[in-house]
Amino acid sequence: MGVEPAFTPDVARATEGLYAKVATIIPRVEWAVHAPLIAEINRLKREKNAVILAHNYMTPEIFHCVGDFAGDSLALAREAARTDAKVIVQAGVHFMAETSKILSPEKTVLIPDMRAGCSLASSISGADVRLLKQKYPSLPVVTYVNTSAEVKAESDICCTSGNAVAVVEAIARDFGVDTVIMIPDKYLARNVAAKTGVKVITWEGACEVHERFTAAEIRDYRAAHPGITVLAHPECPPDVVAEADFAGSTAAMIAYVGSHKPRRVVMVTECSMSDNVAAENPDVDFIRPCNLCPHMKRITLEGILHSLRTMTHEVVVDPVVAARARAPIDRMLAVQ
Ligand code: 13P
Ligand code: SF4
């Protein structure tokens, strides 16, 4: 281990520009704790030719101050395929790191905490998909990226919340069918089915964060804050999505705030999103319901620093599985 970073006048000066990005959401006293870690992480990234791919659910000090590229699952996957860096540090959950490794097998992919899982990814195995395919042999399998490499390896095409409707329609067309198997998120599948003529057979998976939101809760926000704009992630139950003004991926929700500039908004999704978007939209009033993703929150500045110093934890995917899993991801990236 190196010397523990301290908040010296040099660190304060070097990080002042970064603090300006988060000044409205991180108090000065807290910055004294974050800044030395941020300065050391950014130095190590240069030394090791590493990039940090940060999901939109990362806390603001990660998202705004050490992330080289921030986005939704789709954007992070595209960036993993494109980056020239030798090392990718995934500031997100394990399935995202696996996707990066599958798309960039020659790169070292690190995740700061191996326990950063996902209730959707753990809801289904490769064997489950093989059974589904036996039951419906002529139907294509559309697999949400929130799954393990072995599940992707059994699939015809992947999707994210950002492209799910387009992917379902494209694969139904390619297979000449009117029904697809869409796994493992039952809510995303139903929300997609509501937006297309394609019929969807799904699985009993759900996101443990988004399934907790209720339609009554949304009605309460509207009653308490007349005129509020409600944005929801499509992993929410369909009755919640029906109450929203707009539903879309994390990136689509961010874009909505940027382009519509609502006076007051509630983002029906993981807590850190509102903090990150609020930092960039000081004139928008955010009402912040707070459902934390315990997996995303395992990723911390301390963990990222440790990861870069020790080059741990390396994400490894069996090359045979990785090659099979790459085909449905590439097929997804080719849609649109
Ligand atoms: P996005 O692809 O919309 O970023 O969603 C990923 C995720 O895990 C949401 O819970
Ligand atoms: Fe998985 Fe839900 Fe956490 Fe996203 S928010 S990583 S879907 S558990």
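Note that ligands are numbered from 1 as they come in the structure, with each ligand's atoms numbered from 1 the same way. Throughout, residue positions are numbered sequentially from 1 according to the sequence presented. Treat the numbers as computed from the prediction; the structure is a model and nothing was measured.
With a 4.5 Å cut-off on side-chain heavy atoms, Ile228 and Asp285 do not count as touching. Asn291 has its side chain out of reach of His210: every pair of non-hydrogen atoms, C-beta onward, lies at least 4.5 Å apart. For the pair Val198/Thr196, a side-chain contact is recorded, criterion being any heavy-atom separation below 4.5 Å from C-beta on.
For atom 2 (O) of ligand 1, the candidate residues are Ser73, Ala121, Ala252, Gly71; the nearest heavy-atom contact is made by Ser73. In this comparison of His295, Glu235, Glu208, the heavy atom closest to atom 9 (C) of ligand 1 sits on Glu235. Distances from atom 6 (S) of ligand 2 to the heavy atoms of Glu270, Met296, His233, Lys297 show the closest one on Met296.
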Just do the side chain to side chain donor-acceptor pair (under 3.5 Å) check on Asp128 and Ser125 with the steps written out, would you?
CA-CA 5 Å; Asp128 292 327; Ser125 68; 3.1 Å; yes

Given the rule in the side-chain contact (heavy atoms from CB on, under 4.5 Å) test, do Val87 and Lys107 qualify, once you have shown the distances and angles that lead to the verdict?
CA-CA 6 Å; Val87 179; Lys107 299 199 167 94; over 6 Å; no

Determine, step by step, whether Asn56 and Thr250 satisfy the side chain to side chain donor-acceptor pair (under 3.5 Å) criterion, reporting the C-alpha distance in whole Å, the side-chain angles of both residues, the deciding distance to 0.1 Å, and the verdict.
CA-CA 7 Å; Asn56 291 326; Thr250 53; 2.9 Å; yes

Steps toward side chain to side chain donor-acceptor pair (under 3.5 Å) verdict (Gln90, His55)
CA-CA 8 Å; Gln90 199 82 35; His55 186 261; over 6 Å; no

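Hydrophobic clustering (side-chain heavy atoms under 4.5 Å, transitive across Ile, Leu, Val, Met, Phe, Trp, Tyr) keeps Tyr256 apart from Val241.
Residue contact check for ligand 2: Glu235 places a non-hydrogen atom closer than 4.0 Å to it. Ligand 1 lies less than 4.0 angstrom from a heavy atom belonging to Ser161. In this structure, His55 has a heavy atom closer than 4.0 Å to ligand 1.
Those atoms of ligand 1 that come under 4.0 Å of a heavy atom in Asp72, given as number and element, are 1 (P), 2 (O), 4 (O). When each atom of ligand 1 is checked for a heavy atom of His210 under 4.0 Å away, the hits are 10 (O). Close approach of ligand 2 to Asn146 is summarised as follows: ligand atoms under 4.0 Å from at least one heavy atom of the residue are 7 (S). Of all atoms in ligand 1, listed by their number and element, those nearer than 4.0 Å to a heavy atom of Ser249 are 3 (O). Every atom of ligand 2 is numbered from 1 in the order shown, and the set under 4.0 Å from a heavy atom of Ser119 is 8 (S). Every atom of ligand 2 with a heavy atom of Tyr57 under 4.0 Å away is listed here by number and element: 5 (S). Counting atoms of ligand 2 from 1 in the listed order, those under 4.0 Å from a heavy atom of Leu120 are 7 (S).
The proximity of Asn146 to ligand 1, defined as any non-hydrogen pair under 4.0 Å, is limited to the side chain.
In this structure a side-chain-to-backbone donor-acceptor pair under 3.5 Å is present from Ser249 to Ala252.
Within the 2.8 Å limit, His295 places no N, O or S atom next to atom 2 (Fe) of ligand 2.
Atom 3 (Fe) of ligand 2 has Cys293 SG, 2.4 Å as its closest protein atom, hydrogens excluded (heavy atom only). Counting protein heavy atoms only, atom 1 (Fe) of ligand 2 is closest to Cys118 SG, 2.4 Å. The protein non-hydrogen atom at the shortest distance from atom 5 (O) of ligand 1 is His233 NE2, 3.3 Å. Scanning all protein heavy atoms for the shortest distance to atom 2 (Fe) of ligand 2 gives Cys207 SG, 2.3 Å.
Backbone and side-chain nitrogen or oxygen atoms of Asn56 are examined, and none is located within less than 3.5 angstrom of a nitrogen or oxygen of ligand 1.
Aromatic pair Tyr221/His225: ring centres not closer than 6.0 Å.
Residue Lys195 qualifies as open at atom NZ: its count of foreign heavy atoms under 6.0 Å is 12 or below.
The two residues Cys118 and Asn146 come nearest to each other via the heavy atoms SG-ND2, 3.9 Å.
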